[in-house]
2 protein chains.
Amino acid sequence: MTELDDRKIKILDAIIRNYLDTGEPVGSRTISKYSDLNLSSATIRNEMSDLEEMGYILQPHTSAGRIPSDKGYRFYVDNLMKEKNREVTEMKEFMIEHTTKMEQVLQQMAKVLATNTNYAAMITAPSYQRNKVKFLQLSQMDNDQILAVIVMEGNIVKNKMIPTREALDSETILKLNILLNTSLNGLSVEQINLSTISKLKEQAGIHSNIVGDVLDALAEAIQEDEDLEIYTSGATNILKYPELSDSGKASELLSAFEEKQQLVGLVNDTLASEENGIQVYIGDESPVKNMKDCSVVTATYELGEGMQGTIGIIGPKRMDYENVMDNLKTLKVQLDTVFKKPKKE
Amino acid sequence: MTELDDRKIKILDAIIRNYLDTGEPVGSRTISKYSDLNLSSATIRNEMSDLEEMGYILQPHTSAGRIPSDKGYRFYVDNLMKEKNREVTEMKEFMIEHTTKMEQVLQQMAKVLATNTNYAAMITAPSYQRNKVKFLQLSQMDNDQILAVIVMEGNIVKNKMIPTREALDSETILKLNILLNTSLNGLSVEQINLSTISKLKEQAGIHSNIVGDVLDALAEAIQEDEDLEIYTSGATNILKYPELSDSGKASELLSAFEEKQQLVGLVNDTLASEENGIQVYIGDESPVKNMKDCSVVTATYELGEGMQGTIGIIGPKRMDYENVMDNLKTLKVQLDTVFKKPKKE
DNA sequence: ATTAGCACTCTAATTAAATGAGTGCTAACA
DNA sequence: TGTTAGCACTCATTTAATTAGAGTGCTAAT
């Protein structure tokens with residue numbers, strides 16, 4: 001008996017669905033009564049015993065019903081779960097109410113996701129590495145500082161103060177601006193590599209060191225943010241689920257959300273192994289060890305040209321996978337339209 | 001017996017200190033043994049009975065010791081507490097490791113505060129209203145957008161995309177930039193009022209509507225952030241205190257930290273009633289109702305010219321007030337030096 | 001192969017009893 | 001008159017014992 005036969009599958013399905021619903025271990029009698037199999041509880045018991053031996057379900061203790069094991073959940077997610085296909089409209093109205101800044105859009109998205117699912121949600125800004133430079137400007141601030149402003153595709157603006165040895169006259173600044181813009185415009189951040197830089201420096205002549213400083217500073221500014229830009233919402237939803245809310249676990253999880261740094265692991269793992277775009281981590285499968293008692297569902301979204309970001313939901317293993325995945329899928333579509341079509345007004 | 005005599009004060013002090021230490025209701029016998037009063041427990045009992053009648057302490061139930069009431073804590077904070085006077089150096093090293101951005105400094109501060117006290121910490125950026133405009137620049141982005149960058153004292157940079165009807169030629173932009181800079185440079189944000197604006201518009205001639213748009217957009221950009229810039233850290237510390245960590249309360253409090261919006265009330269109240277700069281809210285005294293089971297200690301810091309921000313600690317009523325206030329005071333001093341002395345490197 | 005029936009297991013809920021910290025009061029004392 | 005010893009009383013907390021019930025596993029009959 002190495003394969004699951006049809007009847008076992010039906011029973012496993014029933015057990016898991018029931019458990020997702022109630023959160024209580026489910027017994028043979030329940031399945032016998034509330035399924036269309038028309039089998040006695042005794043028969044179910046035998047089958048359950050087999051399912052347990054095969055590792056799909058387990059008993060919290062001898063005289064309790066069964067709950068799904070990680071393997072069981074995995075089977076459910078891979079084979080049993082039905083995909084909903086909701087209309088994509090619903091979310092829209094919530095989403096963007098004339099927010100022009102990307103941060104706000106993302107923060108808003110996280111909130112919607114958290115509210116819709118009642119789990120904790122996270123979302124990262126798309127990596128800037130492949131984003132293209134659209135505009136670049138230096139301005140003399142005072143005697144020893146230059147302000148550099150960079151605008152990327154999607155109107156993402158970064159700025160940085162650059163300390164300088166001495167003030168530059170306005171003509172030099174103007175020249176530098178023209179030089180930088182003509183050479184870098186349209187390049188992606190990751191394309192600005194050593195050879196580009198040295199070529200630029202050459203062209204800059206006596207100001208080559210300034211150019212170097214500027215590029216360094218920009219790289220730094222972009223890098224700084226890259227680490228941080230994870231938006232979260234509904235972290236406190238975790239407290240709603242008793243299996244996660246006992247003081248120790250809750251505290252660890254909530255810290256992970258507060259620090260955000262720990263979520264990076266999740267993001268990277270998701271970006272690395274892109275399957276159909278949605279990843280489900282059940283318990284120990286998660287790359288973040290604090291989350292071994294949770295399930296994590298993540299998806300990548302793409303903004304064309306390979307710029308991608310990550311969205312994710314963290315909740316109890318007993319999670320409404322169907323709803324979560326539906327939500328993520330919907331949001332994914334939304335994100336595409338939001339960023340691709342430049343917004344008017 | 002309307003006034004506290006000396007002995008009662010000593011007993012009250014002993015009760016509160018003991019309770020802050022242990023978190024357990026304290027009984028007459030404890031005080032009798034561990035104080036220098038040399039009184040029998042019976043005498044203490046009589047005094048405690050009086051103190052209870054006067055509202056300084058209370059019994060969780062008949063056969064328990066006493067714990068301080070809000071009134072008791074208040075008396076302690078106002079009259080009994082000793083002020084520490086720690087050296088100001090200690091914090092420094094943690095604090096700024098070549099972070100140039102204010103956000104990062106503030107975030108770091110919050111973290112230090114939370115780590116030092118083991119409570120939840122918050123900190124707001126100083127209000128921009130009184131900050132002075134240092135530099136202002138418009139740049140044509142594409143056919144229907146202008147990028148406006150504004151730099152304020154303390155190198156705080158804001159930017160905003162402004163939609164326009166048609167593109168402006170570079171000469172016009174140049175003129176506008178000169179106009180804006182000469183007229184606004186050195187003015188504080190709140191000084192840019194209607195009369196300034198109308199004067200500016202007049203000078204701008206045919207481009208007056210653009211000027212209007214620009215100023216509106218800037219005002220909006222500044223306002224947007226003003227609401228949001230509250231940094232927090234250590235919110236999960238709340239879970240360390242049993243009196244706050246039962247699911248209901250913890251969840252409310254943590255949400256308050258997640259939403260941040262709720263903390264605004266605290267900030268405003270603190271800014272409004274500046275006493276010696278440090279405010280203590282005990283239980284119901286707090287302007288935020290979710291925090292009626294906590295104590296909140298806040299302070300304002302000032303950056304000269306009336307720009308002020310707020311720092312705060314939220315923890316259980318049974319809080320180490322001495323340590324908290326000491327920390328806040330120290331940080332306050334730190335903040336002054338950090339922002340006032342322009343950082344080199 | 002399926003099922004009815006029954007003994008068995010183990011958790012969770014309920015109740016009862018024991019413990020002990022702490023009070024309030026009274027009467028004696030200095 | 002203020003202080004203290006002594007004692008009865010209260011009540012939350014702990015421990016133990018009991019019960020109830022859900023669910024299983026096994027066996028024998030269908």
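Naming: A, B, ... by sequence-line order, numbering from 1 per chain.
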By the definition salt bridge (charged side-chain N to carboxylate O under 4.0 Å, His left out), identify the one residue from E24(A), E52(A), E47(A) that meets it with R66(A). E52(A)

So I238(A) and F257(A), do their side chains get closer than 4.5 Å, heavy atoms only? yes

Check whether T115(B) reaches the backbone of K111(B) with its side chain - one donor and one acceptor, N or O, closer than 3.5 Å. yes

Salt-bridge criterion met for K317(A) and D293(A) (N-O under 4.0 Å): no

When the axes are fitted on five pairs at both termini, how much does the helix from dA1(C)-dT30(D) to dA30(C)-dT1(D) curve, in 10° steps? 20°

D70(B) with R74(B): basic N within carboxylate O range, under 4.0 Å: no

Expected list for residues 29-38 of chain B: side-chain donor-acceptor pairs under 3.5 angstrom, two or more places apart:
{"unit_1": "S32(B)", "atom_1": "OG", "unit_2": "L39(B)", "atom_2": "O", "d": "2.9"}
{"unit_1": "S35(B)", "atom_1": "OG", "unit_2": "I31(B)", "atom_2": "O", "d": "3.0"}
{"unit_1": "S35(B)", "atom_1": "OG", "unit_2": "L37(B)", "atom_2": "N", "d": "3.3"}

Nearest-Å distance, CE (M48(A)) to C1' (dC26(D))? 17 Å

T43(B), nearest nucleotide to its side chain (from dG24(C), dT3(C), dT3(D)): dT3(D)

Taking the side chain as every heavy atom from C-beta outward, state whether M291(B) and E252(B) have any atom pair closer than 4.5 Å. no

Assess whether atom NZ of K10(B) is packed by more than 12 heavy atoms of other residues, nucleotides or ligands within 6.0 Å. no

Spacing of T298(B) atom OG1 and L328(B) atom CG [to the nearest 0.5 Å]: 8.0 Å

Along DNA chain D (nearest heavy atom to each residue), the more 5'-positioned of N46(A) and N38(B): N38(B)

If I take atom CD in residue E52(B) and atom P in nucleotide dC25(C), what distance separates them, rounded to the nearest angstrom? 12 Å

Sort me out a list of protein N/O and nucleotides 4-7 of chain C N/O pairs below 3.5 Å, or just none if empty.
{"unit_1": "dG5(C)", "atom_1": "O6", "unit_2": "R45(A)", "atom_2": "NH2", "d": "3.3"}

Evaluation steps, side chain to side chain contact (heavy atoms under 4.5 Å, CB included), between V297(B) and M319(B): CA-CA 10 Å; V297(B) 185; M319(B) 171 190 278; 3.8 Å; yes

Measure the spacing between OH of Y119(A) and CG of N323(A) and express it to the nearest 0.5 Å. 7.5 Å

N290(B) and L253(B) have their tightest heavy-atom pair at O-CD2, 4.0 Å

Expected output is a numbered-order residue list: members of residues 13-30 of chain A with a heavy atom under 4.0 Å from any atom of DNA chain D. What is it? G27(A), S28(A)

Return the value, rounded to whole Å, for the distance between atom CD1 of I44(A) and atom C1' of dA22(D). 17 Å

Separation of D50(A) atom CG from dT2(C) atom P, in whole Å? 12 Å

Using whole Å, what does the distance between atom C1' of nucleotide dT3(D) and atom NZ of K8(B) come to? 14 Å

Distance, rounded to the nearest Å, where L37(B) contributes CG and dT3(D) contributes C1': 14 Å

Residues two or more places apart in sequence or in another chain: which of them pass side chain to side chain donor-acceptor pair (under 3.5 Å) with Y241(B)? none

Begin from the C-alpha positions of Y76(A) and Y19(A) and carry the test side chain to side chain contact (heavy atoms under 4.5 Å, CB included) through to its verdict. CA-CA 12 Å; Y76(A) 171 78; Y19(A) 184 69; over 6 Å; no

In numerical order, the residues of residues 57-68 of chain A whose heavy atoms come under 4.0 Å of DNA chain C are H61(A), T62(A), S63(A)

Rounding to an integer number of Å, can you tell me how far E47(A) CD sits from dT24(D) C1'? 15 Å

